[in-house]
Amino acid sequence: MSKGWIKLYRQISDHEIWRDKPFTRGQAWVDLLLMANHAEDAFWVRGIKVEVKRGQVGRSELSLADKWGWSRGKIARFLRWLENEHQIVQQKSAVTSII
């Protein structure tokens, strides 16, 4: 397999072929990379400001389940697997999850 990197425009996620559900595990992994913030940002959830740094993804398991066409259990298992593989770090709160 070739080593190196490629440029991948975030707009790929707007294409109908990308939005086809359910997502594969590979597609979900790339989607997390596409959702990662390119700059520090913040959003509000139930009146609480959530700060998201560069490289982080601020999404709930419920929103990922809806986006990928998966159950919440499958989302939790997938994220736990990625964490065990040292690909992500999760910070969970009562409001949302930061990946």
Side-chain angles (χ1 to χ4, degrees):
M1 176 179 261
S2 297
K3 303 289 183 193
W5 57 275
I6 63 167
K7 286 185 179 183
L8 188 62
Y9 288 101
R10 293 175 193 264
Q11 287 87 356
I12 192 173
S13 62
D14 296 334
H15 196 280
E16 65 186 65
I17 197 167
W18 187 262
R19 293 188 314 256
D20 197 24
K21 295 179 186 176
F23 275 28
T24 64
R25 288 167 43 100
Q27 189 177 6
W29 171 231
V30 172
D31 201 47
L32 281 175
L33 297 173
L34 292 171
M35 286 187 286
N37 278 16
H38 65 280
E40 289 190 18
D41 200 4
F43 61 94
W44 293 85
V45 178
R46 295 187 295 225
I48 299 171
K49 186 177 182 180
V50 179
E51 305 268 342
V52 185
K53 296 178 181 166
R54 182 179 180 171
Q56 292 181 325
V57 177
R59 298 290 164 107
S60 68
E61 289 181 0
L62 185 60
S63 69
L64 292 175
D66 183 53
K67 184 174 185 181
W68 298 346
W70 292 4
S71 69
R72 285 187 70 185
K74 185 172 181 176
I75 295 289
R77 288 188 301 276
F78 178 67
L79 294 177
R80 194 168 41 252
W81 178 79
L82 286 175
E83 196 165 31
N84 290 338
E85 293 292 314
H86 306 286
Q87 299 300 308
I88 65 168
V89 174
Q90 295 186 79
Q91 302 168 349
K92 294 184 179 185
S93 73
V95 178
T96 192
S97 296
I98 302 292
I99 301 169

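Heads up: numbering here begins at 1 and tracks the sequence. All values derive from a computational prediction rather than experimental measurement.
The shortest heavy-atom contact between I17 and Q27 is O-NE2, 4.3 Å. When all heavy atoms of K92 and Q90 are compared, the closest pair comes out as CE-OE1, 3.2 Å. The two atoms that bring R10 and S13 nearest to each other are O-OG, 2.9 Å, heavy atoms only. Taking both residues in full, the closest heavy atoms of P22 and G69 are given as CB-O, 3.7 Å, listed atom of the first, atom of the second, then distance.
With values rounded to the nearest 0.5 angstrom, T96 atom OG1 is found 11.0 Å from Q91 atom CD. Note that CG of N37 and NZ of K53 are 12.0 Å apart. Values are rounded to the nearest 0.5 Å. One distance of note links NZ of K74 with CH2 of W68; it measures 10.5 Å at 0.5 Å rounding. Rounded to the nearest 0.5 Å, atoms CD1 (I48) and CZ (F43) are 11.0 Å apart. One distance of note links CZ of F78 with CG of L32; it measures 6.0 Å at 0.5 Å rounding. Interatomic distance, OG of S71 versus CD of E61, reported as 10.0 Å (0.5 Å rounding).
Residues L33 and I98 are members of separate hydrophobic clusters, defined by side-chain heavy-atom contacts under 4.5 angstrom among Ile, Leu, Val, Met, Phe, Trp and Tyr. If you chain together hydrophobic residues whose side chains sit under 4.5 Å apart, F23 and L8 fall into the same group. I75 and W18 fall within the same hydrophobic cluster, defined by Ile, Leu, Val, Met, Phe, Trp and Tyr side-chain heavy atoms under 4.5 Å apart, directly or through other members. W70 and I88 fall within the same hydrophobic cluster, where Ile, Leu, Val, Met, Phe, Trp and Tyr residues are linked whenever their side-chain heavy atoms come under 4.5 Å apart, directly or through other members. Cluster annotation: L64 is connected to I12 through the hydrophobic network of ILVMFWY side chains, with a link wherever side-chain heavy atoms come within less than 4.5 Å.
Salt-bridge check for K49 with E51: passed, with a basic side-chain N closer than 4.0 Å to an acidic carboxylate O.
Within the structure, salt bridge (Lys or Arg N to Asp or Glu O under 4.0 Å) contacts touching residues 13-39 (residues at least two apart or in different chains) are D31-K67.
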**Request:** Take I99 and L82, measure what side chain to side chain contact (heavy atoms under 4.5 Å, CB included) needs, and give me the verdict at the end.
**Result:** CA-CA 10 Å; I99 301 169; L82 286 175; over 6 Å; no

